[in-house]
Amino acid sequence: MEYFTLNDGNKIPAVGFGVFMIPNDGSTYKAVTEALKAGYRHIDTASAYFNETEVGKAVKDSGIPREDIFVTSKLWLQDYGYEAAKKGIDASLQKLGFDYMDMYLLHQPYGDVAGAWKALEEAKGEGKIRSIGISNMTPGLYQKFVPQFTTKPAVNQVECNPLFQQKALRETMNTDDVRVECWYPLGHGSKELLENHVIARLAAKYNKNSGQIILRFEVQEGFIVLPKSTNPGRIAGNLDIFDFELKEAEMDEMRGLDTGKGTHDPEAPGVAEMLLGAFDIHAGK
Ligand code: A2P
């Protein structure tokens, strides 16, 4: 496993296991247990995934020392604003059954972001959270919010894959040394990406599958990746990307696949309202 050093000095495993949409009915416990067995040491959850309790239980029951596993969770929109965020942070800690979280993110960039961020900064000062970050911030939203922050975010978790390499965002965040974390690092399984001829050729050359080439490219480019799979072979395989290296010319070829477009536009009209109404975090649904 490879680690990156964040701008706050903390280390994070380059590949993490995401549990978005896995229910809290035993399936999350099972998936996280399997992932830890396969060698993952980084789990990415969120209060809006409603499965923090099973993530925490699987981490505890694994027998792996707590400090060897990097766990991220996220604050949902309903808990934005300073006072609500303080409670939201404590609720996540309680559900996970932890006395600290390795990382905590503002899940969406709407509402009282500055107040919520202040609560994250304080919780970091108190040792409840080691690293704090943001998510789904475009260059425009980053410029709107982050200049007001005292502490710079360690990461911005956004949609990112070879077809959408977030070049403008990376340029915007460069001076603050904020690292990109990729959700949908495999383009959510899109054929356009997985069957791309450049990727297929590199897969044949290195005797890897297309997913592994994509993830290798992303990690070599400096991205933290959160690949999703329910297939045990691919869960293990997506971690097996550290025994080969893409050459600079191959990295350039992969960089050339960027279209500058993704599936989710956080600035599109109505998105903030749609997300705010998507869950009732306190009712657990
Ligand atoms: P499966 O669960 O059957 O493995 P993303 O992480 O970008 O959201 O992509 C997830 C999708 O990609 C899932 O449909 C998953 O299917 C598929 N997938 C995961 N790993 C690989 C891989 N190594 N090669 C091809 N497809 C993969």
Side-chain angles (χ1 to χ4, degrees), residues 1-2 12-23 25-46 48-49 51 55 70 72 74 105 107-108 135-136 155-166 169 179-244 246 250 254 257-266:
M1 173 59 76
E2 212 163 280
I12 183 168
V15 182
F17 185 73
V19 294
F20 176 49
M21 302 273 279
I22 310 184
D25 60 357
S27 325
T28 298
Y29 182 83
K30 190 163 166 260
V32 173
T33 301
E34 288 299 319
L36 293 171
K37 269 195 201 135
Y40 287 79
R41 290 293 178 270
H42 172 181
I43 311 293
D44 183 272
T45 183
Y49 299 173
N51 55 18
V55 168
F70 192 103
T72 296
K74 313 184 190 86
L105 309 181
H107 203 151
Q108 298 289 346
S135 186
N136 295 304
V155 304
N156 185 6
Q157 185 179 124
V158 293
E159 181 178 7
C160 174
N161 64 64
L163 301 178
F164 185 29
Q165 296 182 28
Q166 294 283 8
L169 181 66
R179 203 169 274 276
V180 169
E181 272 196 336
C182 306
W183 60 259
Y184 280 8
L186 300 166
H188 208 42
S190 96
K191 282 199 171 170
E192 188 193 354
L193 180 62
L194 286 163
E195 292 178 7
N196 177 279
H197 67 278
V198 171
I199 296 170
R201 175 164 43 75
L202 291 171
K205 173 176 171 184
Y206 288 103
N207 198 22
K208 292 282 172 185
N209 64 45
S210 292
Q212 290 168 320
I213 297 296
I214 294 165
L215 296 170
R216 177 69 215 183
F217 162 71
E218 290 166 345
V219 168
Q220 232 174 284
E221 194 71 333
F223 303 143
I224 299 155
V225 295
L226 305 167
K228 177 94 190 287
S229 179
T230 49
N231 172 300
R234 282 193 286 275
I235 289 175
N238 288 344
L239 210 54
D240 184 18
I241 58 166
F242 298 108
D243 60 350
F244 74 109
L246 297 173
E250 294 166 343
M254 293 290 292
L257 301 180
D258 188 30
T259 66
K261 282 199 197 71
T263 61
H264 174 66
D265 177 6

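We count ligands from 1, going down the list as the structure has it; atoms in each ligand are counted the same way. Computed from heavy atoms alone, side chains included, the values below leave out hydrogens, waters and symmetry copies.
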Worksheet entry | Test ring-ring contact (aromatic ring centres under 6.0 Å, His included) applied to His107 - qualifying residues, sequence neighbours left out | Tyr49, Trp76
Worksheet item: Under a 4.0 Å heavy-atom cut-off, which residues neighbour ligand 1?
Response: Tyr184, Pro185, Leu186, Gly187, His188, Gly189, Leu194, Asn209, Gly211, Pro227, Lys228, Ser229, Thr230, Asn231, Arg234, Asn238
Worksheet item: What's the verdict on side chain to side chain donor-acceptor pair (under 3.5 Å) for Asn156 and Gln166, showing C-alpha distance, side-chain angles and the deciding distance?
Response: CA-CA 11 Å; Asn156 185 6; Gln166 294 283 8; over 6 Å; no
Worksheet item: Is the backbone N or O of Phe164 less than 3.5 Å from a side-chain atom of Lys261, with the two atoms forming a donor-acceptor pair by type?
Response: no
Worksheet item: What pairs of residues pass the salt bridge (charged side-chain N to carboxylate O under 4.0 Å, His left out) test when at least one of them lies in residues 179-204, not counting sequence neighbours?
Response: Arg201-Glu253
Worksheet entry | Side-chain donor/acceptor of Glu159 to backbone N/O of His264, under 3.5 Å | yes
Worksheet entry | ring pair (Phe, Tyr, Trp, His ring centres under 6.0 Å) partners of residues 190-236, not counting sequence neighbours, each pair once | Tyr206-Phe244
